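Before any comments, here is the structure.
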Amino acid sequence: VQLQASGGGSVQAGGSLRLSCEVSGRTSSTTTMGWFRQAPGKEREFVATIFRGNAGRTYYGDSVRGRFSISKDSVKNTVHLQMNSLKSEDTAVYYCAAGDRLILSSIYNERNYQSWGQGTQVTVSS
C-alpha cells in the first residue's frame with residue numbers, strides 16, 4: 001500500500017484545513033486508515049482512524065474530537081481529514097497510515113500500522 005498525503009499549509013487559529021491521503025496498491029475490507037501527527041520535540045500522536053469495513057466507524061484522539069472529522073471516498077480511494085477550529089497546538093506534521101486487520105484496542109498505537117505517507121506540515125498561528 002502506498003500513501004500520498006497532501007493539503008497541509010498555514011492557517012490562523014480558528015481556521016480550517018482539509019488533508020487528503022491518496023491510497024494506491026492492494027487494500028481490502030480489513031484495511032484501517034488513520035492519521036497521526038508529530039509536533040517538534042514530541043512523540044507521534046494518534047489523531048483519527050476510520051475502518052474500511054465495520055460500517056466505516058471512526059475514532060478520534062481526545063485533543064481533536066469534535067473539531068476534526070475523518071472520512072473516506074471509496075471511488076477515489078482517498079481518505080480525508082477535515083480540521084476545523086484549529087488551534088496553535090495542532091501545529092505538527094500530519095501522517096496518514098494504513099493498517100491491516102486492526103482491532104479497536106490497537107488503532108491508537110502507530111506501531112500497528114504497516115504503511116505510512118510522507119507527512120504534510122500544518123502550521124496554525126495564533
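Just so it is clear, the structure is predicted and the values come from calculations on it, not from any experiment.
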*With sequence neighbours left out, what residues match E22 under salt bridge (Lys or Arg N to Asp or Glu O under 4.0 Å)?*
none
*Not counting sequence neighbours, list each pair that qualifies as a disulfide (SG to SG under 2.5 Å) and has a residue in residues 59-116.*
C21-C96
*Would you check, one step at a time, whether the test side chain to side chain contact (heavy atoms under 4.5 Å, CB included) holds for R67 with D90?*
CA-CA 11 Å; R67 300 187 297 121; D90 294 319; 2.8 Å; yes
*By side chain to side chain donor-acceptor pair (under 3.5 Å) - contacts of Q114 (at least two apart)*: none
*Do we see a donor-acceptor contact under 3.5 Å between the side chains of Q121 and S10?*
no
*asked:* Minimum heavy-atom separation for Q118 and Q4, please, with both atom names.
replied: NE2-NE2, 3.1 Å
*Could you pull out the closest heavy-atom pair between R37 and A92, with the gap in Å?*
CB-CB, 3.8 Å
*Result of checking S20, S71, S69 against H80 for side chain to side chain donor-acceptor pair (under 3.5 Å)*: S20
*Contact check, side chains of Q82 and S16, non-hydrogen atoms, under 4.5 Å*: yes
_Evaluate D100 against T30 for side-chain hydrogen bond (donor to acceptor under 3.5 Å, both in side chains), listing each step before the verdict._
CA-CA 6 Å; D100 191 37; T30 59; 2.5 Å; yes
*Considering all heavy atoms of both residues, which atom of Y113 and which atom of T32 are nearest to each other, and what is their separation?*
CE2-O, 4.2 Å
_Suppose we screen for side chain to side chain donor-acceptor pair (under 3.5 Å). Which residues come up paired with Y95, at least two apart in sequence or across chains?_
none
*Test log, rule side chain to side chain contact (heavy atoms under 4.5 Å, CB included), inputs S63 and E45*: CA-CA 10 Å; S63 61; E45 174 190 18; 3.1 Å; yes
_Value rounded to 0.5 Å, distance of CG in N112 from CD1 in I103_ = 8.5 Å
_Side chain T78, main chain K76, donor-acceptor under 3.5 Å_ = yes
_Other members of the hydrophobic cluster containing L3, with the 4.5 Å side-chain heavy-atom rule, please._
V1, V11, L17, L19, V23, M33, W35, V47, I50, Y60, V64, F68, I70, V79, L81, M83, L86, Y94, V122, V124
*Hey, is the main chain of N77 close enough, under 3.5 Å, to the side chain of K72 for a donor-acceptor pair?*
no
*Quick one: which residue pairs count as a salt bridge (Lys or Arg N to Asp or Glu O under 4.0 Å) with a foot in residues 106-126, not counting sequence neighbours?*
R44-E110
_Salt bridge present between D62 and R65 (N-O < 4.0 angstrom)_ = yes
*asked:* Ring centres under 6.0 Å, that's the criterion: do F46 and Y59 meet it?
replied: no
